[in-house]
Structures are given as structure tokens and as C-alpha cells.
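In listed order, ligands and their atoms are each counted from 1. Worth saying up front: this structure is predicted, and the values here are computed from it rather than measured.
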Amino acid sequence: MKKDRDNFSSNLGAIMAAVGSAVGLGNIWRFSYITGINGGGAFLLTYLICVVLIGVSVMIAELSIGRKTKLSPVSAFLSVAPKTPWWITGLLATLAPFLILLYYPVVSGWAIGYIKLSIFNWSEIKSDSAQVFTDFTAGTSSIVFSIIALLLTTGVLLFGVSKGIERISKVLLPLLGVALIILVIRALTLPNAFDGLKFLFYPDFSKITMTSFLDALGHSFYSLSLGMGIIITYASYMKKEDNLIKTSLSIISLDTIIAVLAGMAIFPAVFSFGLEPTQGAGLAFITLPSAFAMMPLGQLFSIIFFFLLFIAALTSMISIMQVPVAFLEDQFKLKKKTSLISVGIVSVILGLPAALSFSSLADFKIFGLTYFDFLDRVANNFILPITALLTILFIIFKFGINESIKEFLIGSNKEKSILTSMYKVAIVSIAPIAIILIMLHSIGLF
Ligand code: TRP
């Protein structure tokens, strides 16, 4: 079963590719809008708690499973626990990215569209950004842009892991960092920027609810690309000499820093112009452009922002698409091209209603949510935490905690670090208990 697989050329390459996957629409578009809805600082704090207590250990768990088995998720679970239902975990881990792939290109397409709108239709954005958003998402051009985003992703994946993903992440990530810092400086130099910082960093504890906890938990998995086989898949391409501890801490800290910086770019701008942070999914596309429209050189900053959003989206989308593609290759022995084309076509067809969720299908509801929100909620607040929980149980009962510790210590120069004991405590108690409690609450049992 173990065929010769393409490896990353260096640990840095592997880290960059994983960071490229982690840093995406989640850090900029999704983080800012759910932070806005959930009251700012209190949500940021809850989110950070989830990242430190749960994210770190699940990240290490996935890295060790992936590198040890050198297989994609379903095959990895099958090879460690043959003839048991554990492969279902791998299947769920493949399903989440597939569901996300149905709406991620839509938002990525908006980012491309908004680069164009910022250049050519700036006066319309200036006069009514909400109307521009409605018209744009209702028109065919938003669908065309989504398909372009998907085609670009397919193109990169055709070049393979080390050449495609690694190379593009190495070039695009530093660019993203620079663009983000420019935006933060712009935002912080606006009048009353402090109000936005206060909103983001000052926790109002009355805003913490079980629902915001579930949002924070789901978002921590989403943002770190956990619970969906991504990290298992990437780790399967890493080498034994690679330091998994360093890798996990680098991915997690970079991902978190970028989300916080995005918040520091967005909220001061929103507050400076007296706008509301509670817009929801439209925060980055309606509220923020309104803020740009009111600031000096706003058009330029709008172009930079949407370019940044698109770069972040592209490197993540590559990793999202990689999972179902690797699944078809490994399980059905399909050629890479065939798998890519099949996944591409299916996601265009099933993704179409997501693109229309803001216009002609706005009234089509599943459990009270539009198709777009339904995909987002089911994948992030249910499948990701459940898969993460199953992965933890798999480590405890099948793979072995010690086996996983042994794997992540290979390539790390420290014999045993504090991380080993933290990992043990987190994986057998904190992480599973927290996930179970939050899930029980969300289905109304608790
Ligand atoms: N982490 C990415 C973000 O923050 C999203 C992402 C990348 C993702 N790969 C994924 C989400 C796989 C689900 C599945 O935007």
C-alpha cells in the first residue's frame, strides 16, 4: 500500500504549506465576523483557550498519525485498525473538507470579484456597499469568479505537493504578511482606532455563552485545519527528521497571530467610522468596504485587502481540495488528474446553490439556515469537533498515546519536553471532555 510519495523538500516547506492551509478565509473573513457577532474580546479569549487547550494536542495527534502511517486519513485509520469501524473517522475527516469545498470557492470568488469592484466600481461601493454586495452576489460574475478560484486551485494541485503547494505557499505567505501589516498600520492610524482595539481585546465576560463556546471551538478547528484530515495528509508527506513539535507550534502561533492582526486591521476601521461589527458573513464585504470608502486612500487599501483575502483563500483551498482528491486516489486508485477533475466538477455542481444563497436561494432554508450557512455550520460546529474527538479516542484506544509521543519526539532534539506531559493530560482529559460537553450543549441535552 505504501507507494513512493512526493515529499516536501524541507521542513520549512512543510511548515509553510501547513501554514498556507491554516491561514485562510478563516483567519480574516470568518474570524472577524464571528468575533463581531459574539461580542469581541470575550470571544477572542474563548477562542484562545480552545486553541491552547485543545488545538495544540489535536494538531500533534494528527501530525503523528499522518507521519507514522504515511497515508491519507481513511487509509491511515484502516491500516492501524483494520476490520474495525475506525475508518469512519477518516471518512468524516474527508467529508468536512468536501462540504467546505462547496462554499469556500464562493467566498474566494467574492475576494477576486472585490479586487475588480474596488478598481472599477469604487464610486458604487462608496455610495452603497450593501447594494453592491447584493447585486454582485446575485449576478453571474460571482459564479464565474468562484469557478476561476476553483480552476486556479486545480492547477496548483496538478503540479503536486512539493512543487505546487510548497512553492506557492513560500511565495504567497510573506506577501500576505506584508499586506496585512500595511492594513493594520492604516487602521491604527484612523481616528478613534482605539475603540476597535478595545472591542477586540477587552473581554466583556457577560458575552460568553455556551453557543459562543461552540463557535469558538468549531472555529479553532476550522482555522487550524484540524479535524479534517488536512494535517494527517500533510504530515504523511513529512520526513522523519522533521521536528513535529516545532512544526505544530509554528503553525498554531502563525495562524493565531494572523487572525489577531486581521482583527486589528478590521475592527478599528469599522469602529472608527461608527459602523456595526455584527453584520455577519457580510462584515468583510459590506461593512469593511464602507469603512474603506470613508478613509483617505481607501480604494488602494480595499484593493490590498481583497488581494490579501484571495491569497489566503487560495493556499487554503488547495489544502481543502487535496483531501477528497487524495481520498479518491488512495481508495479508488484513480489517477490524480481524474480525481482532480471529478472533485472539481462535483464541487461546482453542488456548490452552485451556495453561490446562490445570497440571492435567488436566500429563502431556501435547511433547518432555518441558508444552504451556505448550513454547509458552514454542519462542517465546522459538528463534523470537525466530532472528527477531532474520534481522532483523540483513536489515539487513546488504538494508536496509543505513547506511540504518538514516540512519533512526535523523533526529529525533535529534546528527549522529553513539558509538551509531552501537557499532551497526555490534554488528550486524555481536557480535550475530549470539553468537546463532549460543548457538543451535548449544542444539541440541547445539557
Ligand atoms: N484553515 C483554513 C482557514 O482558516 C480553512 C481550511 C483549510 C480548511 N483547509 C481546510 C477548512 C480543510 C476545512 C477543511 O480558512
List of N/O pairs, ligand 1 versus protein, all under 3.5 Å?
unit_1: ligand 1; atom_1: 1 (N); unit_2: Ser21; atom_2: O; d: 3.3
unit_1: ligand 1; atom_1: 1 (N); unit_2: Ala22; atom_2: O; d: 2.9
unit_1: ligand 1; atom_1: 1 (N); unit_2: Tyr222; atom_2: O; d: 2.7
unit_1: ligand 1; atom_1: 1 (N); unit_2: Ser223; atom_2: O; d: 3.1
unit_1: ligand 1; atom_1: 1 (N); unit_2: Ser225; atom_2: OG; d: 3.0
unit_1: ligand 1; atom_1: 4 (O); unit_2: Ala22; atom_2: O; d: 2.8
unit_1: ligand 1; atom_1: 4 (O); unit_2: Gly26; atom_2: N; d: 3.4
unit_1: ligand 1; atom_1: 4 (O); unit_2: Asn27; atom_2: OD1; d: 3.2
unit_1: ligand 1; atom_1: 9 (N); unit_2: Ser225; atom_2: OG; d: 3.4
unit_1: ligand 1; atom_1: 9 (N); unit_2: Ser319; atom_2: OG; d: 3.0
unit_1: ligand 1; atom_1: 15 (O); unit_2: Leu25; atom_2: N; d: 3.2
unit_1: ligand 1; atom_1: 15 (O); unit_2: Gly26; atom_2: N; d: 2.7
unit_1: ligand 1; atom_1: 15 (O); unit_2: Tyr104; atom_2: OH; d: 2.6

Original post:
Any donor-acceptor pair under 3.5 Å linking the side chain of Asn38 with the backbone of Ile34?
Top reply: yes
**OP:** Would you check if the side chain of Thr69 reaches a backbone N or O of Ala76 as a donor-acceptor pair within less than 3.5 Å?
**Re:**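 Flag not set: sc Thr69 to bb Ala76 has no pair under 3.5 Å.
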Subject >> pair Leu95-Phe327: side-chain heavy atoms closer than 4.5 Å >> reply: no
Original post:
Measuring from Glu276:CD to Phe271:CZ, what's the distance to the nearest 0.5 Å?
Top reply: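 The CZ atom of Phe271 is 7.0 Å from CD of Glu276, to the nearest 0.5 Å.
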Original post:
Under the salt bridge (Lys or Arg N to Asp or Glu O under 4.0 Å) rule, what pairs show up with a residue in residues 28-39, not counting sequence neighbours?
Top reply: Arg30-Asp376
Original post:
Quick one: do the Ser404 and Tyr423 side chains pair a donor with an acceptor below 3.5 Å?
Top reply: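 Side-chain D/A pair, Ser404 to Tyr423: present.
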